[in-house]
A.B. asks: 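Quick one: this structure, given as C-alpha cells, is what I'll be asking you about.
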Amino acid sequence: MAENTPEEKNESKKSNFIREIIDEDLKTSKWEGRVHTRFPPEPNGYLHIGHAKSIMLNYGIARDYNGKFNLRFDDTNPEKEEQEYVDSIIADVKWLGAEYEDRLFFASDYFQQMYDYAVDLIKKGAAYVCDLKADEIREYRGTLTAPGKESPYRNRTIEENLDLFERMKKGEFDNGEKVLRAKIDMASPNLNLRDPIMYRIVHAEHHRTGNVWCIYPTYDWAHGIEDSIEGITHSICTLEFENHRPLYDWYLDQLGAYHPQQIEFARLNLNYTVMSKRKLLQLVQEGKVDGWDDPRMPTISGLRRRGYTPEAIRNFAEIIGVAKRDAMTDIALLEYAVREDLNKHTLRAMAVLKPLKIVITDFPDGYEEEIEAVNNPEDPSAGTRKLIFGNELYIEEADFMENPPKGFHRLVPGGEVRLRYGYIIKCEEVIKDESGNVVELRCTHDPDSRSGTGTSKKKVKGTIHWVNAKLAVRVEARLYDRLFMVEDPATEENWLEHLNPDSLVIVSNALVEPSLADAKSGMNYQFERTGYFCLDSKNSKPGALVFNRTVTLKDSWAKSIKN
RNA sequence: UGCCGGGUCGUCUAAUGGCAGGACAGCGGCCUUUGGAGCCGUAUGUGGAGGUUCGAGUCCUCCCCCGGCAGCCA
C-alpha cells in the first residue's frame, strides 16, 4: 500500500479544535512529544453511539499521532456498577476497533494510591473529615448566587482528621455518617470548589475489590488522579465537566502530581432517540425494549444487532466531527453512514416482504429455468449466483396497483414490468377474493425479453423483485423505525409517552430466495429494493430465520408520492 | 439574577484579519434490468447594534439567545 502524502492524510482525516491543540503541544514539546489518551467509562450501563464518538475521538487521536490509548473503567461507585457492564463495554470497544493493547485499567486498582494522596492532603491541612449530614452539606453549600458557609468541622486538627479518616476506612462508621472534604473556599463562585467531598462511606461490595473498602472516592477526587497516574496527556471529556477543571487542577497542584490537560467537547445528541444511560436503563427495566441490545436502542450492542458495522459507526464519527457547541445531530447522518458502507459490501438477494402470487400462464406448470444474478454490482469480485425462475412466483404486494397514481412504474392491469434478472411480464388478469382483495395475478411473458440476451427491444420503466413460489424460504422480518416520534424526547415532560408504536413491525411470512437459507450470522445483506438486513443474533434459528432490517434503501418514489 | 461555556446553510462541520467551503437532508436533471448506487446542477447561513481596519464570521464594546453548575452520581 502506498504511503499517503501529508495532504492526502489531512484530507482524509478531518481536523478539529482538539487536534489543533495537540499540534500546538507537539510544536512546543509540552509533553515531550507524547500523546496519550483514554476512554474512561463507568461500568453502570451499556455503551451507546455517543460513547462511540468519544472512543473514536480518543483512539483516533492516539492512532494518528503515534500515541497511546487506554481503556480505563471509572469504577468508583460500587452501588451502580456490575461486571456485566464491564464485559459488554470491553466487547463493544474491541468491536469498534479501538485498540488499547495491554492497557486495560481500573480506577479501583488505584484505590490505595488515592487513599495515600488523601492522607497527604489531610497532612497539609487541605482536607478534613466532616460530620455534617447530606442535607446539611447541601444547605451549607449555599446557592448559585449566595456563598456557602463553613462547616463547623472544618478546623479539626490534622491529628484528629487523620484518626477519623483512618477509622472511616476501617469501617467504624455507617454510610453517610462522615465524609472527607477538601478545604478550599466556601464562597467560591464555582460551586465545585466549595469544600467538595472526596470520600464517602459506602458499605457495599465492589465488583472488583469486594469488601476491601468501605470508603469510596468521589468522581471529582478520583478522576484527575487516574489520568495523572496513567500519564495521560490530553484528558478529553464532555462539556459538563468544564466547571470541574479548576477543581482537578487544584487537587493535582496540591499533590504536586503529574498534570494532564483537560479538553472538553460537546457530547453527541441524536434526534428521535434518548442518549442518557439513566433513560436507556429505564427503557430496559420497564420492558419497553428487548434489552440493552434491542435493535432500536442507540447502544453499540443494539446497533450491532441491528446490522450496523463498525466501519459505519466509524464513518459516522468522522462525518459529525467534534466541536464545543451543543448540537442535535440528524439521525439521517447515521443512516447515510451505514448505507454508504453496506452498499459497497453487502451481497444482494431477493426477498418479498408482503407476497402477492403471480402465475405466468404461458409457461407450463412446473416450469423451471436457471438464470444468473450478480451478487454485488458495486463489487464484481463478489461474483454471481444461480436463481431458478418458474411459472409461479411471488412479487411484492406494493409492486402492483389496480389504480396507480401518475408516475407508478410497476405492475398494473394490462401493463408490463420486468422481473429482475428474468422476463418482462404482462398482467392479463387480476383475481380477487370475496371481499375484493387482490390475491393473485395471471400474467404472460415476452419470450424475447430474457434477461441478458439483449434480444428484446422493449423498454419497460419498472423492474421488480420476486421469489420462486416453490423454492422460496419463509422467514420472519423485523422492520425497525425510529424509537420515538418526537425529535428530542428527553425534553418532554412524559418522555415515555412519545415512543413510536410502530418502531417494530414484525412480518412473519416474508419469502426469501433459497440462497438466504444459509445466511450467516454477522453478515449483512441487501434485499433488493427494500433495504439492508441481517440475521437477528438473538432470535434467529436454523429453519426459523429472523432478519432484522438495518435501514431501508433510499426510496425516491415513496418520497415523491408523500409530497 | 453568580460562575463557566457556546451561537456559521434545515442539520453537522470548516474558514486562525483576505473569495463564507464541505457533508447530510432538500430541489432539478442525467443514467440505470434495484424508483438502489453513481454522475451533474441548484437554493439556503455568519444572533443583533455599534466600533477598529484598505478589508471582520474572525479583533473591541454593548445587547440578545442557548447550554452547564447548588449528588455523599459520573
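Labels below follow one simple rule: chain letters A, B, ... track the order of the sequence lines, proteins then strands, and each chain is numbered from 1. From a predicted model like this one, the values you see are computed outputs, not experimental measurements.
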A.B. asks: Looking only at atom P, what distance separates G21(B) and G57(B), rounded to whole Å?
C.D. replies: 13 Å
A.B. asks: At under 4.0 Å between heavy atoms, what does F408(A) touch on the DNA or RNA strands: base, sugar-phosphate, or nothing?
C.D. replies: base
A.B. asks: Does R325(A) make a side-chain donor-acceptor contact with the base of U8(B), cut-off 3.5 Å?
C.D. replies: yes
A.B. asks: Which letter, B, S or -, goes with each nucleotide of nucleotides 63-73 of chain B from 5' to 3', with contact meaning a protein heavy atom under 4.0 Å?
C.D. replies: ----SBBBSBS
A.B. asks: Pairing check on G36(B): which nucleotide meets the Watson-Crick or G-U wobble criteria with it, both distances under 3.5 Å?
C.D. replies: none
A.B. asks: State the pairing partner of U42(B); accept Watson-Crick or G-U wobble contacts with both distances under 3.5 Å, and report none otherwise.
C.D. replies: G26(B)
A.B. asks: Under 4.0 Å, heavy atoms only, any strand: does G462(A) hit a base, just the sugar-phosphate, or nothing?
C.D. replies: nothing
A.B. asks: Tell me which nucleotide among G35(B), A14(B), G36(B) gets nearest to the side chain of W557(A).
C.D. replies: G35(B)
A.B. asks: Could you pull out all residues at least two apart from Y394(A) that satisfy ring-ring contact (aromatic ring centres under 6.0 Å, His included)?
C.D. replies: none
A.B. asks: Identify the nucleotide, in any strand shown, that forms a Watson-Crick or G-U wobble pair with G67(B), with both distances under 3.5 Å; if there is none, say none.
C.D. replies: C4(B)
A.B. asks: Would you kindly say whether S108(A) and R208(A) are connected by a side-chain donor-acceptor distance under 3.5 Å?
C.D. replies: yes
A.B. asks: For U61(B), which nucleotide is its Watson-Crick or G-U wobble mate, given both distances must be under 3.5 Å?
C.D. replies: A49(B)
A.B. asks: Would you please name every residue forming a side-chain contact (heavy atoms from CB on, under 4.5 Å) with N271(A), sequence neighbours left out?
C.D. replies: M328(A), D330(A), I331(A), E487(A)
A.B. asks: Which part of the nucleic acid does Y421(A) contact within heavy-atom distance under 4.0 Å: base, sugar-phosphate only, or nothing?
C.D. replies: base
A.B. asks: Between G45(B) and G10(B), how far is it from one C1' atom to the other, in whole Å?
C.D. replies: 10 Å
A.B. asks: If you go through the side-chain atoms of R529(A), does one of them form a donor-acceptor pair with the base of U34(B) closer than 3.5 Å?
C.D. replies: no
A.B. asks: Please report the distance separating the P of A23(B) from the corresponding atom of U42(B), rounded so that it comes out in whole Å.
C.D. replies: 13 Å
A.B. asks: Could you tell me whether R348(A) contacts a base, only the sugar-phosphate backbone, or nothing, with contacts defined as non-hydrogen atoms closer than 4.0 Å?
C.D. replies: base
A.B. asks: Going by atom types only, do E84(A) and Y46(A) share a side-chain donor-acceptor pair under 3.5 Å?
C.D. replies: yes
A.B. asks: Would you confirm whether the ring centroid of F73(A) sits within less than 6.0 angstrom of the ring centroid of F106(A)?
C.D. replies: yes
A.B. asks: Which of the following nucleotides, G36(B), C12(B), A14(B), is nearest to the side chain of T329(A)?
C.D. replies: C12(B)
A.B. asks: Mind checking whether Y199(A) and Y115(A) have parallel, tilted or perpendicular rings, split at 30° and 60°?
C.D. replies: perpendicular
A.B. asks: Could you walk me through whether E513(A) and R385(A) pass the salt bridge (Lys or Arg N to Asp or Glu O under 4.0 Å) check?
C.D. replies: CA-CA 11 Å; E513(A) 64 171 69; R385(A) 69 188 184 287; 2.7 Å; yes
A.B. asks: Measuring only the C1' atom in each nucleotide, how far is A43(B) from G6(B)? A whole number of Å is fine.
C.D. replies: 29 Å
A.B. asks: For N343(A) and G321(A), find the nucleotide of RNA chain B closest to each by heavy atoms; which residue's nucleotide sits nearer the 5' end?
C.D. replies: G321(A)
A.B. asks: What pairs of nitrogen or oxygen atoms, one from the protein and one from nucleotides 25-30 of chain B, lie under 3.5 Å apart?
C.D. replies:
residue	atom	partner	partner atom	Å
G26(B)	OP1	K559(A)	NZ	3.1
G26(B)	OP2	K559(A)	NZ	3.4
C27(B)	OP1	N563(A)	ND2	3.3

A.B. asks: Do the side chain of E264(A) and the base of G6(B) come within less than 3.5 angstrom through a donor-acceptor pair of N or O atoms?
C.D. replies: no
A.B. asks: Indicate whether any N or O donor in one side chain lies under 3.5 Å from an N or O acceptor in the other, for E240(A) and T238(A).
C.D. replies: yes
A.B. asks: Taking atom C1' in both C73(B) and C66(B), what distance in whole Å separates the two?
C.D. replies: 25 Å
A.B. asks: Among U33(B), U11(B), U13(B), which is the nearest nucleotide to the side chain of L333(A)?
C.D. replies: U11(B)
A.B. asks: Please determine if E177(A) and K133(A) form a salt bridge, counting it only when a charged side-chain N lies under 4.0 Å from a carboxylate O.
C.D. replies: no
A.B. asks: Determine the interatomic distance between C1' on U8(B) and the same-named atom on G28(B); round to the nearest Å.
C.D. replies: 27 Å
A.B. asks: Only pairs with both distances under 3.5 Å count, Watson-Crick or wobble alike; so what is the partner of G21(B) in this structure?
C.D. replies: U13(B)
A.B. asks: With rounding to whole Å, what would you report as the distance between C24(B) and C39(B) at their P atoms?
C.D. replies: 10 Å
A.B. asks: For P40(A), which contact category applies under a 4.0 Å heavy-atom criterion: base, sugar-phosphate, or nothing?
C.D. replies: nothing
A.B. asks: A327(A) or D555(A): which one's nearest nucleotide on RNA chain B is closer to the 5' end?
C.D. replies: A327(A)
A.B. asks: What residues form a salt bridge (charged side-chain N to carboxylate O under 4.0 Å, His left out) with R348(A), not counting sequence neighbours?
C.D. replies: none
A.B. asks: Between A70(B) and A15(B), how far apart are the two C1' atoms, rounded to whole Å?
C.D. replies: 40 Å
A.B. asks: My understanding is that only residues two or more places apart in sequence, or in another chain, count here; which of them pass side-chain contact (heavy atoms from CB on, under 4.5 Å) with C237(A)?
C.D. replies: F241(A), Q262(A), E264(A)
A.B. asks: Hey, is H223(A) doing a stacking thing with A74(B), by the 5.5 Å centroid and 30° angle criteria?
C.D. replies: no
